[in-house]
S.K.: 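Pasting a structure here, questions to come.
All of these numbers come straight from a predicted model, not from anything done at the bench.
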Amino acid sequence: MDKLIITGGTQLSGELRIAGAKNAALPILAATLLSEEAVSVGNIPHLHDITTTMQLLGQMGVRLTIDEKMNIRVDSNETNKFEAPYELVKTMRASILVLGPLLTRFGQAHVSLPGGCAIGTRPVDIHLDSLIKMGAEIKVDAGYIHAKASRLKGCRLVLDKVTVTGTENLLMTAVLAKGTTVIENAAKEPEVSDLAHFLNAMGAKISGIDSDVLVIEGVEKIGKKDLHYTIVPDRIETGTYLVAAAITRGQIKVKDTRPDTLDAVLDKLKEAGADITTGEDWINLDMHGKQPKAVNIRTAPYPAFPTDMQAQFTAMNSVADGVGTITETVFENRFMHVQEMQRMGANIQLESNTAICKGQQQLIGAPVMATDLRASASLVLAGLVAKGETLVDRIYHIDRGYDHIEEKLAQLGATIKRIAR
Ligand code: EPZ
């Protein structure tokens, strides 16, 4: 398994281009199952989860071609298998996103239940209960969801919890359902809005985008000849590299990004002492060599502080001036990175769903193990400021969500290399 070796101590500085958002690309690729016309999608990030999604669609009979600029052309008219097998779903829970499109366009879907994962049980009960309300027949048997429906009917859905992929699954399903669907307590993440804009570009009738009430007028079919759609930039990749510069007291300019999708994160970086300027598609952060100040974080659904940035700020608080608290309200077990950071000398106490971080002047490099996507990235960030060498194992987690992280950090001056062992 590949590992990353980082030698800490360099102040990062330089410019970086941000890739398309993983969590927009996944639902948008699933949504191509709905289209009667081939469609081209651009600014797709070069990530393992994208490869998995292409395999998932390909084994259904969907035709995909990818060009050198990472534009993917998808034609789902030959789809002849309506299954998401366990072998693929176990490596990527977001495979659940094909459930709604398969059911609403082809009348059937057989999708392996995504197992739990390191950060929590992550049930899909809201997805399934809502589909049943729309008229689906759903049976769960031997680890698979078997769903069938003649024509789903639009209705009012009030979601018990704010769920990103739950909102996305139901949004895609409603597009071809008969009549009007209203989704209340919908997730408002920018990736949900990007999916809604993509669906409307293909001829769907969705209103209330960016709000927590989505109204969808069902149509017979969708598909627009020669449509090309460009994915929104990745706000979590953006935030991760901004923290990489902040934690090393350096400077960075991130380009091809969307500052307006990161208000809560930028506010906290300013509170930590970062000097931040922004343009329409760029953000410049400069610490002027100063140690970051400790900040208090409470994660919650968008537009509040994103849970996917929690681990990165835990790393930054570990070397900040003062005591900072990090409260995780979205997932029940998203502090696996804490014990790894403690092995690097971080002074963090866990009390229920809050991490109390007493900032240290320095961490000590150590061999650490990645457990989930964002926790792994936070261990790399900790390695950037630790004294000596940090070896991060199981970095396949990182490759799922970050495109060549070691090359991008090296471009900013970090001493980091990938070893295959
Ligand atoms: C999406 O996961 C993201 N993944 C996650 O990013 C992100 O952390 C999460 O949203 C929260 O923002 C993708 O978009 C592919 P949820 P998702 O459904 O949709 C509970 C990353 O790092 N819930 O919004 O699976 C659930 O247990 C990944 O890129 C139910 O109870 O998350 C959780 O406590 C990690 N029943 C809460 O809702 C359901 O049916 C929010 O989960 C669905 C969810």
S.K.: Determine yes or no for a side-chain-to-main-chain donor-acceptor pair under 3.5 angstrom, with Thr167 supplying the side chain and Ala187 the backbone.
M.R.: yes
S.K.: Side-chain contact, heavy-atom cut-off 4.5 Å: Met172 with Leu199?
M.R.: yes
S.K.: Do Met341 and Ser378 touch side chain to side chain, with heavy atoms closer than 4.5 Å?
M.R.: yes
S.K.: Flag yes if more than 12 heavy atoms outside Lys81 fall under 6.0 Å of its NZ atom; otherwise flag no.
M.R.: yes
S.K.: Could you tell me whether a side-chain N or O of Gln312 sits under 3.5 Å from a main-chain N or O of Asp308, the two making a donor and an acceptor?
M.R.: yes
S.K.: Would Thr180 and Val215 count as a side chain to side chain contact (heavy atoms under 4.5 Å, CB included) if you check the C-alpha gap in whole Å, the side-chain angles of each, and the deciding distance to 0.1 Å?
M.R.: CA-CA 7 Å; Thr180 303; Val215 181; 3.8 Å; yes
S.K.: Just by distance, do the side chain of Asn169 and the backbone of Ile96 share a donor-acceptor pair under 3.5 Å?
M.R.: yes
S.K.: So, Thr257 versus Arg235: side-chain donor-acceptor pair below 3.5 Å or not?
M.R.: no
S.K.: In terms of heavy-atom contacts, does CZ of Arg17 have more than 12 from other residues, nucleotides or ligands at under 6.0 Å?
M.R.: yes
S.K.: Do Met336 and Asp372 make a side-chain contact, defined as non-hydrogen atoms from C-beta onward lying under 4.5 Å apart?
M.R.: yes
S.K.: On a heavy-atom basis, which atom in Phe335 and which in Gln339 lie closest, and how many Å separate them?
M.R.: O-OE1, 3.3 Å
S.K.: Any chance CG of Asp160 has more than 12 other-residue heavy atoms, nucleotides or ligands included, within less than 6.0 Å?
M.R.: no
S.K.: Counting only N and O atoms by type, is there a donor-acceptor contact under 3.5 Å from the side chain of Arg343 to the main-chain atoms of Pro367?
M.R.: yes
S.K.: Please report the closest heavy-atom contact between Gln360 and Gly345, naming both atoms and the distance.
M.R.: CG-O, 3.7 Å
S.K.: Which pairs with one or both residues in residues 19-30 pass salt bridge (charged side-chain N to carboxylate O under 4.0 Å, His left out), sequence neighbours excluded?
M.R.: Lys22-Asp49
S.K.: Show your reasoning for whether side chain to side chain contact (heavy atoms under 4.5 Å, CB included) applies to Leu4 and Ile398.
M.R.: CA-CA 10 Å; Leu4 286 176; Ile398 297 184; 4.1 Å; yes
S.K.: For Gly401 and Leu47, which heavy atoms make the closest approach, and how far apart are they?
M.R.: C-CD2, 3.5 Å
S.K.: Can you check whether Leu99 reaches Leu128 side chain to side chain, under 4.5 Å on heavy atoms?
M.R.: yes
S.K.: Can you list the residues that meet the salt bridge (Lys or Arg N to Asp or Glu O under 4.0 Å) rule with Lys148, with sequence neighbours excluded?
M.R.: Glu137
S.K.: So Glu37 and Lys225, salt bridge (Lys or Arg N to Asp or Glu O under 4.0 Å) or not? Walk me through it.
M.R.: CA-CA 6 Å; Glu37 296 286 345; Lys225 234 169 171 30; 3.6 Å; yes
S.K.: Closest heavy-atom contact between Thr32 and Ser76?
M.R.: O-OG, 2.9 Å
S.K.: Counting only heavy atoms not in His228 (residues, nucleotides, ligands), do more than 12 fall under 6.0 Å from its NE2?
M.R.: yes
S.K.: Between Val98 and Val111, is a side chain to side chain contact (heavy atoms under 4.5 Å, CB included) present by the stated rule, with each step listed?
M.R.: CA-CA 8 Å; Val98 301; Val111 177; 4.1 Å; yes
S.K.: Taking the side chain from Asn200 and the backbone from Ile206, do they hold a donor-acceptor pair closer than 3.5 Å?
M.R.: yes
S.K.: Under a 3.5 Å cutoff, is there a donor and acceptor pairing between the side chains of His337 and Gln310?
M.R.: yes
S.K.: What pair of heavy atoms forms the shortest contact from Leu214 to Ala186, and how long is it?
M.R.: CD1-CB, 3.9 Å
S.K.: Is the shortest heavy-atom distance from the side chain of Lys255 to the side chain of Ile18 under 4.5 Å?
M.R.: no
S.K.: Tell me if a side-chain donor or acceptor on Gln59 pairs with a main-chain N or O of Glu83 at a distance below 3.5 Å.
M.R.: yes
S.K.: Take Leu57 and Leu33 through the test side chain to side chain contact (heavy atoms under 4.5 Å, CB included) and record every step on the way to the result.
M.R.: CA-CA 8 Å; Leu57 295 174; Leu33 284 164; 3.8 Å; yes
S.K.: Could you check whether any side-chain N or O of Asn353 sits under 3.5 Å from a backbone N or O of Glu328, counting only pairs where one atom can act as donor and the other as acceptor?
M.R.: yes
S.K.: So, using ring pair (Phe, Tyr, Trp, His ring centres under 6.0 Å) as the criterion, who are the partners of Tyr241 when residues are at least two apart?
M.R.: none
S.K.: Can you tell me which residue among Glu237, Arg374, His48, His397 is in a side chain to side chain donor-acceptor pair (under 3.5 Å) with Tyr402?
M.R.: Arg374
S.K.: Can a salt bridge be assigned to the pair Arg122 and Glu332 using a cut-off of 4.0 Å between side-chain N and carboxylate O?
M.R.: no
S.K.: Once rounded to the nearest 0.5 Å, what's the spacing between atom CG of Leu409 and atom OG1 of Thr10?
M.R.: 10.5 Å
S.K.: Measure the shortest side-chain to side-chain distance between Thr371 and Glu340 over non-hydrogen atoms and say whether it is less than 4.5 angstrom.
M.R.: no
S.K.: Salt bridge check: are Asp399 and Arg394 linked by an N-O gap of less than 4.0 Å?
M.R.: no
S.K.: Starting at OG1 of Thr354, measure out to CZ of Arg298 and round the result to the nearest 0.5 Å.
M.R.: 7.5 Å
S.K.: Less than 4.5 Å apart, side chain to side chain, heavy atoms only: is that true for Arg334 and Thr307?
M.R.: yes
S.K.: So, taking the atom named CZ in Phe313 and the one named CD1 in Ile297, what distance separates them when rounded to the nearest 0.5 Å?
M.R.: 5.0 Å
S.K.: Any side-chain donor paired with an acceptor under 3.5 Å for Ser193 and Asp210?
M.R.: yes
S.K.: For Tyr86 together with Tyr144, are the ring centres under 6.0 Å from each other?
M.R.: no
S.K.: Rounded to the nearest 0.5 Å, what's the gap from CE on Met309 to CG on Leu262? Could you check?
M.R.: 7.5 Å
S.K.: Salt bridge or not for Glu36 and Arg105, using N-O below 4.0 Å?
M.R.: yes
S.K.: Indicate yes or no: at least one non-hydrogen side-chain atom of Met316 is less than 4.5 angstrom from one of Leu381.
M.R.: no
S.K.: Would you give the length of the straight line joining atom CD1 of Ile356 to atom CD1 of Ile348, rounded to the nearest 0.5 angstrom?
M.R.: 11.0 Å
S.K.: When you check the gap from the basic side-chain N to the acidic O, do Glu406 and Lys417 get nearer than 4.0 Å?
M.R.: no
S.K.: Identify the two heavy atoms, one from Leu103 and one from Ala136, that lie closest to each other, and give their separation to 0.1 Å.
M.R.: CD2-CB, 3.7 Å
S.K.: At what distance, to the nearest 0.5 angstrom, does CG of Leu242 lie from CG of Leu269?
M.R.: 6.0 Å
S.K.: Test your reading of the model: is there a side-chain donor-acceptor pair from Thr329 to the backbone of Thr299, 3.5 Å cut-off?
M.R.: yes
S.K.: Ignoring hydrogens and angles, tell me if any N or O in the side chain of Thr91 forms a donor-acceptor pair with the backbone of Leu88 under 3.5 Å.
M.R.: yes
S.K.: As a test of understanding, state which of Asp256, Thr261, Asp260 forms a side chain to side chain donor-acceptor pair (under 3.5 Å) with Arg258.
M.R.: Asp260
S.K.: Just by distance, do the side chain of Lys268 and the backbone of Asn296 share a donor-acceptor pair under 3.5 Å?
M.R.: yes
